[in-house]
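What follows is one structure encoded as structure tokens, with my remarks underneath.
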Amino acid sequence: MMLLNTCIFLICLFFISFFPPVRGKDNLNFTLLHQHPYPEDVVQDVQRKVNASLSRRHLLSLQAKDQQCLTGNPIDDCWRCDTNWASNRQRLADCSIGFAQGTLGGKGGQIYVVTDSSDRNPANPTPGTLRHAIIQNEPLWIVFASNMLIKLKHELIFNSYKTIDGRGVNVQITGNGCFTLQYVSHIIIHNIQIHHCKPSGSTIIASSPTHIGYRGKSDGDGITIFGAQKIWIDHCTLSYCTDGLIDATMGSTGITISNSYFSHHNEVMLLGHDDRYVVDTGMQVTIAFNRFGEALVQRMPRCRLGYIHVVNNDYTSWEMYAIGGSANPTINSQGNRYIAPANPDAKEVTKRVDTDEKQWTGWNWRTEGDLMVNGAYFVPSGAEFTAQYAKASSVEPKSAGLIERLTMNAGAFGGPRYNSENNYSPGTITDGTNSNSGSNGDSGGEFLGMIFGSVAPPSSPPPPPTLAILLSFVIILILCSTTINGAPQLSL
């Protein structure tokens, strides 16, 4: 028995030596569908578009009409200056920036007009309701016939290639579950207010015209992004949800969160499922032109493993920290305004969550062109000029002094910045050109085309030659076989 155990030990030792276990993202690199191979190129493109939009506004500043329309915000300037935008709503899909650039939503599909604000039967949605629209298989551009308060019975499960376009009306989503984007792609959510979302589930819900299934309990997020790609959330107002306002996990990537207003919440935004979930190394998120407003505590965002570009946002306050992370995410902070709270113990913008300083000193966390107010400070880490940032920094980020203008229309047009749970504030029906005051169905498999490998140079040595492995394994088997069968043994 002892000899048999010795042989088993030798075989195990052999495999461990030649095939070491995965130890985090340095030894295994996942490439997700829609993950950009050169994220710094995307960062540079965002800055180039901001610069071009601001320059165009400056050149036309002598013409009163143009000056009123152009803000320097490249997303808004892409469509809001067209007085006939309502006749060409789908042009919005051409205005995305950052990692979600190229998100189609329902572009090319029919216009679906939501006429019924009810949500009577999640397993068999009524035609004319939002739930009926978002589960269809074909691309759809979804609009609303009038102001609506939609109180959901359970989470709203999206099918791929959908745009929810709330321009011109005041649309509020509240109730149980709210939005779930699970294993889908090409989703645009624009000009929607989402608040007071609560956990729900343990029921049957339709996710397509031909599929209904049992759903466990949801977390109560405003928007859940789960294993989804090419997601663009723009001009939304989010507050008062049970869990996160926006959570993106489980291999989600190609995401832009822009021009939105966040308030009255604890854990605002989670990007990454778990420190050990290496698939999230492929997560790439752009967070641009947002306002983080009243009564926020932490996670703006809280990141794991991926590449997060935080650019030209306005952080008006926080109670614990603004940007946090663990498991070595890349955080590129450019041209933001960070206004620290009065609490002297909460001035730091950044927080490395449950990580020793010896571990995080090599993480790529960088601040460039950020404006620190009221004692705010950002603790950077990593090499001062790494190859990862060299190209991203070649276009100077816009001064944070322009943040007021770039974020002046953050949130849903025509609606309040936040809503009480029991009061529906219909707001003003707008054409999408009036600004708010700045002072106040494609499942595609389990991971949507996940493949192994990367265009980056390998960080670990190449595997040993196949012939050497085979010969070593055969020798061990022969030795074990002869020893166990009673062959003469050497005496030492």
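Being a predicted model, the structure only gives us computed values, none of them experimental.
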Are the side chain of [X] and the backbone of [Y] linked by a donor-acceptor contact shorter than 3.5 Å?
X	Y	result
Gln284	Pro39	no
Asp280	Gly251	yes
Thr355	Arg352	no
Asp221	Ile246	no
Asp77	Thr71	yes
Ser252	Ala248	no
Thr174	Lys151	no
Gln44	Asp41	no
Ser260	Ser258	yes
Asn336	Leu371	no

Requested in this report: Could you pull out all residues at least two apart from Lys49 that satisfy salt bridge (charged side-chain N to carboxylate O under 4.0 Å, His left out)?
Outcome: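 Counting only residues at least two positions away or on another chain, Lys49 forms a salt bridge (charged side-chain N to carboxylate O under 4.0 Å, His left out) with Asp45.
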Give a yes-or-no answer on whether the side chains of [X] and [Y] include a donor-acceptor pair shorter than 3.5 Å.
X	Y	value
Asn343	Glu319	no
Tyr338	Glu348	no
Trp365	Thr350	no
His195	Gln172	yes
Arg302	Ser326	yes
Asn312	Gln334	no
His154	Asp119	no

Requested in this report: Report the residue from Ile188, Ile225, Asn290 that forms a side chain to side chain contact (heavy atoms under 4.5 Å, CB included) with Ile233.
Outcome: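 For Ile233, the side chain to side chain contact (heavy atoms under 4.5 Å, CB included) test succeeds with only one of Ile188, Ile225, Asn290, which is Ile225.
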Taking the six-membered ring for Trp, is the centroid-to-centroid distance between [X] and [Y] below 6.0 Å?
X	Y	result
Phe99	His309	no
His190	Trp79	yes
His186	Tyr161	yes

Query raised in the report: Does any non-hydrogen side-chain atom of Phe413 lie less than 4.5 Å from one of Thr237?
Result: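 Contact flag for Thr237/Phe413 side chains = no.
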Requested in this report: Report yes if some heavy atom in the side chain of Asn332 is under 4.5 Å from a heavy atom in the side chain of Asn364; otherwise report no.
Outcome: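 A side-chain contact under 4.5 Å is absent here.
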Requested in this report: Show your working on ring pair (Phe, Tyr, Trp, His ring centres under 6.0 Å) between Tyr240 and His196 and close with a plain yes or no.
Outcome: CA-CA 5 Å; Tyr240 292 113; His196 295 96; 4.7 Å; yes
Taking all heavy atoms of [X] and all of [Y], pick out the closest pair and write down the distance.
X	Y	value
Asn191	Cys236	N-SG, 4.1 Å
Leu406	Asn259	O-OD1, 4.2 Å
Thr103	Ile231	OG1-N, 4.0 Å
Glu155	Thr180	OE1-OG1, 2.5 Å
Lys347	Trp318	O-CZ2, 3.7 Å
Ser218	Pro199	O-CB, 3.2 Å

Report task. Indicate the ring-plane relationship of Phe292 and Tyr315, choosing parallel, tilted or perpendicular according to the 30° and 60° boundaries. Result ->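 Because their plane-to-plane angle is under 30°, the rings of Phe292 and Tyr315 count as parallel.
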Query raised in the report: Is the shortest side-chain N to carboxylate O distance from Asp165 to Arg167 below 4.0 Å?
Result: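 Here Asp165 pairs with Arg167 in a salt bridge, since their nearest N and O are under 4.0 Å apart.
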Requested in this report: For the pair Cys241 and Cys197, evaluate disulfide (SG to SG under 2.5 Å) and give the outcome as yes or no after the intermediate values.
Outcome: CA-CA 5 Å; Cys241 293; Cys197 301; 3.6 Å; no
